[in-house]
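Per chain, numbering begins at 1; letters A, B, ... match sequence-line order.
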Number of protein chains: 2
Amino acid sequence: MTIDLDGPEPFFEQIASVLTQRIEGGIYLPRRRIPSEYALCEEFGVSRPTVRSAIAVLVEKGLVATSKGKGTFVVADPGE
Amino acid sequence: MTIDLDGPEPFFEQIASVLTQRIEGGIYLPRRRIPSEYALCEEFGVSRPTVRSAIAVLVEKGLVATSKGKGTFVVADPGE
DNA sequence: GGAAATTTGTTCGTATGTATA
DNA sequence: TTATACATACGAACAAATTTC
């Protein structure tokens, strides 16, 4: 996994791509919780707003769903 | 409410005028919160920096006050 | 039951870079 | 050059729902 600091793609899109690959690759399983926003901040070395922008992309694509106080979960069938 | 895209007045001044009218007209009431910056972005179709420039005009005029994490509020007596 | 920690949601504050007129 | 506007990114504070002890 690489993050291209000088590339034209914004951080949040690059992170969204990585998370999407993890879902499609079975690293993050259907109906299971993905790491918290703060955990992803630490892993990718970015701020929470940036992580949230990345997750928003996944929500838009229908890959994950968020629940206040609970976390962010992979949908039942991410490949539909 | 109209936004003159081709006029000589910058967006942020036009938006500041609209918000001022809403305060003076009682749409936004004293001590009450006005819509968030993001909500105003959507309503006026502009970026957050532009909305913030408009709000800065109102702060300068003493019509509203901002509070981090809480929002932007109409002052107790906007007509003083 | 209750308090504390965790987690997502919301909001303003600040800074940088780019584009345009 | 200056002013305007947009996109991106980080920081900080507060709020609310949930979980855990």
Quiz item: Starting at CD of A:Q14 and ending at P of D:dT8, how long is that distance when rounded to a whole Å?
Solution: 12 Å
Quiz item: Roughly how many Å is it from CZ in A:F44 to P in D:dA9, rounded to a whole number?
Solution: 14 Å
Quiz item: Going by atom types only, do A:T50 and A:S53 share a side-chain donor-acceptor pair under 3.5 Å?
Solution: no
Quiz item: Mapping B:T50 and B:Y38 to their closest nucleotides on DNA chain D, which lands nearer the 5' end?
Solution: B:T50
Quiz prompt | Integer-rounded Å distance: D:dA3 P and B:F11 CZ | solution = 18 Å
Quiz prompt | Positive for side chain to side chain contact (heavy atoms under 4.5 Å, CB included) with A:V74, one of A:L58, A:L19, A:I23, A:L29 | solution = A:I23
Quiz item: With a 4.0 Å cut-off on heavy atoms, is A:S53 in touch with a base, just the backbone sugar-phosphate, or nothing at all?
Solution: nothing
Practice problem: Check whether more than 12 heavy atoms from other residues, nucleotides or ligands sit under 6.0 Å from atom CD of A:E13, and answer yes or no. | Solution: yes
Quiz item: Going through the distances and angles, do B:K68 and B:E37 end up as a salt bridge (Lys or Arg N to Asp or Glu O under 4.0 Å)?
Solution: CA-CA 12 Å; B:K68 182 193 284 190; B:E37 294 176 352; over 6 Å; no
Practice problem: Please report the C-alpha distance between B:R32 and B:F73 in whole Å, then the side-chain angles of each, then the deciding distance to 0.1 Å, and finally whether the side chain to side chain contact (heavy atoms under 4.5 Å, CB included) criterion is met. | Solution: CA-CA 5 Å; B:R32 299 285 312 261; B:F73 299 82; over 6 Å; no
Exercise. For B:I15 and D:dT4, give me the distance from atom CD1 to atom P, rounded to whole Å.
Key: 13 Å
Exercise. Would you grab the first and last nucleotide of DNA chain C (5' to 3') that comes under 4.0 Å of any non-hydrogen atom in chain B?
Key: C:dT11 to C:dT14
Exercise. Select one nucleotide: of D:dC14, D:dG11, D:dT4, the one nearest the side-chain heavy atoms of B:K68.
Key: D:dG11
Practice problem: Nearest-nucleotide wise, let me know which of A:S67 and B:V46 is further upstream toward the 5' end of DNA chain D. | Solution: B:V46
Quiz item: Whole Å only: how far is the CZ atom of A:R48 from the C1' atom of D:dC10?
Solution: 13 Å
Self-check item: Nearest-Å distance for atom pair CG/P, residues B:L40 and D:dC6
Solution: 13 Å
Quiz prompt | Spacing of A:E42 atom CD relative to D:dG11 atom P, expressed in whole Å | solution = 13 Å
Practice problem: State, with a plain yes or no, whether a side-chain heavy atom of A:T20 is found less than 4.5 Å away from one of A:K61. | Solution: yes
Self-check item: Pairwise side-chain contact, A:C41 with A:S47, heavy-atom cut-off 4.5 Å (strictly under)
Solution: no
